[in-house]
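Indexing begins at 1, ligand by ligand and atom by atom, following the structure's order. Computation of the quantities below employed the complete heavy-atom set of this structure, encompassing side-chain atoms and omitting hydrogens, waters and symmetry-equivalent molecules.
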Amino acid sequence: MNEKTIEIKHKMKKVLDKDRYQHTLGVAYTASCLAMRYELDPERLFLAGLLHDCAKNIPNGEKYALCKKYKIVLNEIEKKAPSLVHAKLGAYLTEHTYGVKDPEIINAVRNHTTGRPGMSLFEKIIFTADYIELHRDQAPNLPEIRHMAFTDLDDAVRKILSDTLDFLGSKDRPVDPMTKQTYDYYMAHKH
Ligand code: DGI
Ligand code: FE
Ligand code: FE
C-alpha cells in the first residue's frame, strides 16, 4: 500500500469511533475484493472505502455548520435528516481536508448513501461494500446480497435499494428523492 493510503487509514482511526472504524476497514477490504472481481484497482477502492464515512462522527450541528461554511447545497430531505449529510460533506472533506483529488473516489463518497442513477462500477462497488461488509448484521437478505455482489453487481444494487426503501417505509422516514430515482433507474435497466 502506498504512503497516502496508510496516512488516511491512521487519520480515520483518529476521527472515527471504534465501531465506525471497524466498519470502515470492513468496507475498504470488501471494496478491494470486489475490485479484484470486477478488474478495477483494489488499492483505489480500498482508499475510497477508508474515506466513505469520514464525516460520519462529526456532531450533527457541526455537520450543518460545515455545509454552510463550504457552500454545500443540501436538498429538503437532507436538511431534515442528518444521517444523509455525511455523504456530501464527506466528499468535500475527502478532497479538501484529506487531499484526495481522484474524482472517482470523491464521487463514490458523495453517492454512497443514496446511490444515483447510472452509477459507475467504482461507485456501485462502494455502495454495495458499505451494505455487505462483515460487521453488518441487521439488514435482511445479507447472505443473498453478499452472493449477488460477486455474481451480478446490478442485482445486488437493486436488492439493496428495494430493502432500503422497505426499511425507510417501515420507520416512516422521509425518502431522499435520489434514493427513489436510483431505485427507479435500476429497476428500469435490468440487463
Ligand atoms: O453511513 P452508514 O451507516 O455506513 O451507511 P449509509 O451511508 O448507507 O447510511 C445509512 C443511513 O442512511 C441509514 O440510517 C438509512 C439512511 N438512509 C439511506 N437512504 C435514505 C436514508 N435516510 C433517509 N431519511 N432517506 C433516505 O432516502
Ligand atoms: Fe455512510
Ligand atoms: Fe458506511
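- Listed by chain and number, Arg20, His23, Asp53, Lys56, Ala81, Leu84, His86, His112, Thr113, Asp130, Arg136, Leu168, Arg173, Pro174, Val175, Asp176, Thr179 each place a non-hydrogen atom less than 4.0 angstrom from ligand 1.
- Screening the protein for N, O or S atoms under 2.8 Å from the Fe ion (ligand 3) yields 4; no waters enter the count.
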Show every donor-acceptor pair shorter than 3.5 Å between a side-chain atom in residues 28-36 and any protein atom, with sequence neighbours excluded, or say none if there are none.
{"unit_1": "Thr30", "atom_1": "OG1", "unit_2": "Gly26", "atom_2": "O", "d": "2.7"}
{"unit_1": "Ser32", "atom_1": "OG", "unit_2": "Ala28", "atom_2": "O", "d": "3.4"}
{"unit_1": "Ser32", "atom_1": "OG", "unit_2": "Tyr29", "atom_2": "O", "d": "2.9"}

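- Salt-bridge annotation for Arg158 and Asp155: present, with a side-chain N of the basic residue lying under 4.0 Å from a carboxylate O of the acidic one.
- Checking each of His147, Met148, Arg146 against Glu144 for a side-chain contact (heavy atoms from CB on, under 4.5 Å) leaves exactly one that passes, namely Met148.
- Contact annotation: the side chain of Pro177 approaches that of Asn75 to within less than 4.5 Å [non-hydrogen atoms, C-beta and beyond].
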Can I get a per-line list of side-chain donor-acceptor pairs under 3.5 Å for residues 80-88, giving both atom names and the distance, sequence neighbours left out?
{"unit_1": "His86", "atom_1": "ND1", "unit_2": "Ser83", "atom_2": "O", "d": "2.9"}
{"unit_1": "His86", "atom_1": "NE2", "unit_2": "Asp53", "atom_2": "OD1", "d": "3.0"}
{"unit_1": "His86", "atom_1": "NE2", "unit_2": "His112", "atom_2": "NE2", "d": "3.0"}
{"unit_1": "Lys88", "atom_1": "NZ", "unit_2": "Val73", "atom_2": "O", "d": "2.9"}
{"unit_1": "Lys88", "atom_1": "NZ", "unit_2": "Glu78", "atom_2": "OE1", "d": "2.9"}
{"unit_1": "Lys88", "atom_1": "NZ", "unit_2": "Glu78", "atom_2": "OE2", "d": "3.4"}

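- Within 6.0 Å of NZ in Lys180 there are 12 or fewer heavy atoms belonging to other residues, nucleotides or ligands.
- Side-chain atoms of Thr182 come within 3.5 Å of backbone N or O of Thr114 as a donor-acceptor pair.
- At least one side-chain heavy atom of Lys4 sits under 4.5 Å from a side-chain heavy atom of Glu7.
- Side-chain contact check for Asp130 and His23: at least one donor-acceptor pair (N or O, by modelled atom type) lies under 3.5 Å.
- Minimum-distance N/O/S atom of His86 relative to the Fe ion (ligand 2): NE2.
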Set out, in order, the CA-CA distance, both residues' side-chain angles and the distance that settles side chain to side chain donor-acceptor pair (under 3.5 Å) for Thr179 and Asp176, then state yes or no.
CA-CA 5 Å; Thr179 308; Asp176 191 308; 4.9 Å; no
